[in-house]
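Worksheet for the structure shown next.
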Protein chains: 4
Amino acid sequence: MKSGEQQAKATAASGGRPRSPRIQQAILNAAVELVLEIGFKSLTIDAIAAKAGVGRMTIYRRWPNKAAIVMEAFVARVDPGTLFLSAKSYAESIRLQMRTMAKAFRGKDGALIRALLAEAQFDPELATALRERWTMPRRRMAIAYFEEGKRKRVFRPDADPNAIIDVLYAPIYYRLQMGTGPLSDAYIDEIFEHAMKGLMKA
Amino acid sequence: MKSGEQQAKATAASGGRPRSPRIQQAILNAAVELVLEIGFKSLTIDAIAAKAGVGRMTIYRRWPNKAAIVMEAFVARVDPGTLFLSAKSYAESIRLQMRTMAKAFRGKDGALIRALLAEAQFDPELATALRERWTMPRRRMAIAYFEEGKRKRVFRPDADPNAIIDVLYAPIYYRLQMGTGPLSDAYIDEIFEHAMKGLMKA
Amino acid sequence: MKSGEQQAKATAASGGRPRSPRIQQAILNAAVELVLEIGFKSLTIDAIAAKAGVGRMTIYRRWPNKAAIVMEAFVARVDPGTLFLSAKSYAESIRLQMRTMAKAFRGKDGALIRALLAEAQFDPELATALRERWTMPRRRMAIAYFEEGKRKRVFRPDADPNAIIDVLYAPIYYRLQMGTGPLSDAYIDEIFEHAMKGLMKA
Amino acid sequence: MKSGEQQAKATAASGGRPRSPRIQQAILNAAVELVLEIGFKSLTIDAIAAKAGVGRMTIYRRWPNKAAIVMEAFVARVDPGTLFLSAKSYAESIRLQMRTMAKAFRGKDGALIRALLAEAQFDPELATALRERWTMPRRRMAIAYFEEGKRKRVFRPDADPNAIIDVLYAPIYYRLQMGTGPLSDAYIDEIFEHAMKGLMKA
DNA sequence: CACTAAGCGAGACGGTACGTCCCGTCTTTCC
DNA sequence: GGAAAGACGGGACGTACCGTCTCGCTTAGTG
């Protein structure tokens, strides 16, 4: 279990028990509901406290700002389970994973990651947290998976897993933020094909 | 050759104009200096007004919020000139352009676009403005250039220029924001190579 | 010769023509209408200018502030003619004059003098103007009239006209401002009787 | 039964209370000092807050505007104690009281009441407050005292206490505001004599 | 099994920035 | 060439949240 990580701030100093996890959960739920309802910018510690039926101090005791709350709520939402499910083929399972991610980004997770990623541009601590708790874990899994792909001779032997990740996944974030078009499965397929086959004439 | 022109300028220097572009410029300059100095989040309309020696109302009369100011300052900075300079080869000139962009993103422009893109996630109007005044013009030029590349048989005939753009450029934005590594020329080359040659084993 | 005094700032009735008296009048009219409509506190130079169809500068060129405008409009309203009309008896004509004044104070003049007197508490120049153009002229006429009353043996020989004025008229201003009761003719009569006959048991 | 008592005690005893009266007092003091120093018109909520070392919201939470603050500061200043001290004779104690009032009006209280009375002309709520917390309490005491005077046969039996008040006291307010002369003891005596003995030839 | 210490809701507090209103000045443009 | 129109620098307004700080109440662990 990973409860220790989540309660890092709360439990650390005092030897005592984690402060009521029910309150914790109520705050996170309220934060997520509100951020989806009124948007991150309009989100207010007051509003979260009110919706959670909690005093403001109870929140400040646990998180330094609203971004940290949404951050924690976000990482609690996403299933840290398997990223790449096996499909017909190795390559196909990558495409599938990309589609799954796009689907998530089309929904609530997209709204949350959009807000977090944006806020992280102004808040180095949030940027670090986002990197450590969202980006890097996934990149590490992807790197492992792509190394396997290299061994399986699906990827070129000179392909750098880090570059593979960026070429395949950066467009998804790009479209999520830029609004140059829908984050549809068709778009995913297009990116996947172009990236895998390359852009040059053979 | 010079006397006539310069006299006209000297005359203009003394008097003000309605919606004086000098004031406009003073505000934009102040905004850029401040955003680079103290960061977009700490930027304040008051501070801009003070630094520009201007009343707050003069600012509010022109822009709805600080993001719009920085937006305008940003688009005024960027040279709307040629995107793709001719290099040794067609493909090489793309790589060159990508490097040029990365270089810009490593500097002040990077700080500005980072802030604007982030703020745009919370502000649909800014998002639209950013798309119309920054993203789309460049995409349109790129599309034209890439269509030419298809005619020149550099790109595969089935390559969609929109997809080409995303695969090549999304990683630059991604790294700008994610902080997964430096936006170095080496990184650009890596992305360029992977994207052009494709990820798959031949 | 005192005509110059009243219009000192606004006109030079003699030589060059007064700056368009039509505009002058339009502004004064607009000011009075507005002050009665929305109150002196809410009155704005902008609003006066707009209602008079006039630029703000045109107003500032003539008066230093809104109080001065209302002041001038007020003194222009009141007929500087005879204060004390002859009635059945000398004393009766005083009572009549007091009633006339009360009646005026119940109407628009009351609203104006109330505002001016109040504003004058904060504005020494307005206080001076009010004293010179409203209070003192009337006091001088009253003093003359009351001196006549002393010669006629209506008033006690040891009665000081200045004190007579205050005892008779101060209650009118008092009630105008305090709201302790209506400024009715009955009230005037009551004050008149008490003041004339005295409060003491005979 | 016992718990209630003890609770009440505990609440009262503890130093800090909600709506701390110390802060209240600091604000009122700051307001009075400032209004006497720079005048009511130049008085600013900001300045009061700064001088009192208090946030603006703390002020806005308690009073709707600066007039209300000065109002409360004013009524807190005035000793609500006995108005009429016994002098050699009944009538003499009235004259004494008038002199006391004039003396107060020559000092800080005069500046305050002048501002409040003026502002009340523009602000019905303040007018009501001023009437209820300053004017009427004093009038009620005066009425009681004057009724006693009628029983003592000092005043005419047909004298209306309300009219007595106005004839005696209105001139004090009048001179306070009009600046037609000093609010000296000599002036008070003059008014007193004229009002008591009456203006008419016997 | 009471008692005490903590966590908690509630919300007042000192601040900062906001966006608005109006001031009084100054410039441009039109009639 | 004077007036309307309105932009300008400035200052105060009243509001919204911030993050900190008491207040009593509730409650749970200890003695």
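Below, chain A is the first sequence line, B the second, and so on; all start at residue 1. Just so it is clear, the model here is predicted, and its values are computed rather than measured.
Put simply, CZ on A:Arg62 is 16 Å from P on F:dT20, counting in whole angstrom units. A straight line from OH of A:Tyr60 to P of E:dC13 spans 18 Å, rounded to a whole angstrom.
The ring pair (Phe, Tyr, Trp, His ring centres under 6.0 Å) test applied to B:Trp63 returns no partner, not counting sequence neighbours. For the side-chain contact (heavy atoms from CB on, under 4.5 Å) test, residues two or more places apart in sequence or in another chain that qualify with C:Ala47 are C:Leu34, C:Thr44. Scanning for side-chain hydrogen bond (donor to acceptor under 3.5 Å, both in side chains) contacts around C:Asn29 gives C:Gln25, with sequence neighbours left out. In this structure, the side-chain contact (heavy atoms from CB on, under 4.5 Å) partners of C:Ala129, at least two apart in sequence or on a different chain, are C:Met71. Every side-chain contact (heavy atoms from CB on, under 4.5 Å) that B:Glu132 has, sequence neighbours left out, goes to B:Thr128.
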N/O donor to acceptor pairs below 3.5 angstrom from side-chain atoms of residues 49-60 of chain D, sequence neighbours left out:
{"from": "D:Lys51", "atom 1": "NZ", "to": "D:Glu33", "atom 2": "OE1", "distance (Å)": "3.4"}
{"from": "D:Lys51", "atom 1": "NZ", "to": "D:Glu37", "atom 2": "OE1", "distance (Å)": "3.4"}
{"from": "D:Arg56", "atom 1": "NH1", "to": "D:Asp46", "atom 2": "OD2", "distance (Å)": "2.8"}

Less than 3.5 Å apart, which donor and acceptor atoms pair up between the side chains of residues 116-125 of chain C and the rest of the protein, not counting sequence neighbours?
{"from": "C:Glu119", "atom 1": "OE2", "to": "D:Lys41", "atom 2": "NZ", "distance (Å)": "2.4"}
{"from": "C:Gln121", "atom 1": "OE1", "to": "D:Arg114", "atom 2": "NH1", "distance (Å)": "2.9"}
{"from": "C:Gln121", "atom 1": "NE2", "to": "C:Leu117", "atom 2": "O", "distance (Å)": "3.0"}
{"from": "C:Gln121", "atom 1": "NE2", "to": "D:Gln177", "atom 2": "O", "distance (Å)": "3.2"}
{"from": "C:Asp123", "atom 1": "OD1", "to": "C:Glu125", "atom 2": "N", "distance (Å)": "3.1"}
{"from": "C:Asp123", "atom 1": "OD1", "to": "C:Leu126", "atom 2": "N", "distance (Å)": "3.1"}

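Using a distance-only test at 3.5 Å, with no hydrogens or angles considered, a donor-acceptor pair links the side chain of C:Lys66 to the main chain of C:Phe40.
Remark: nothing in residues 26-50 of chain D comes within less than 4.0 Å of DNA chain E through any heavy atom.
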Would you list the protein and nucleotides 4-6 of chain F atom pairs, both N or O, that sit under 3.5 Å from each other?
{"from": "F:dA4", "atom 1": "OP1", "to": "C:Gly53", "atom 2": "O", "distance (Å)": "3.4"}
{"from": "F:dA4", "atom 1": "OP2", "to": "C:Gly55", "atom 2": "N", "distance (Å)": "3.1"}
{"from": "F:dA4", "atom 1": "OP2", "to": "C:Thr58", "atom 2": "OG1", "distance (Å)": "2.7"}

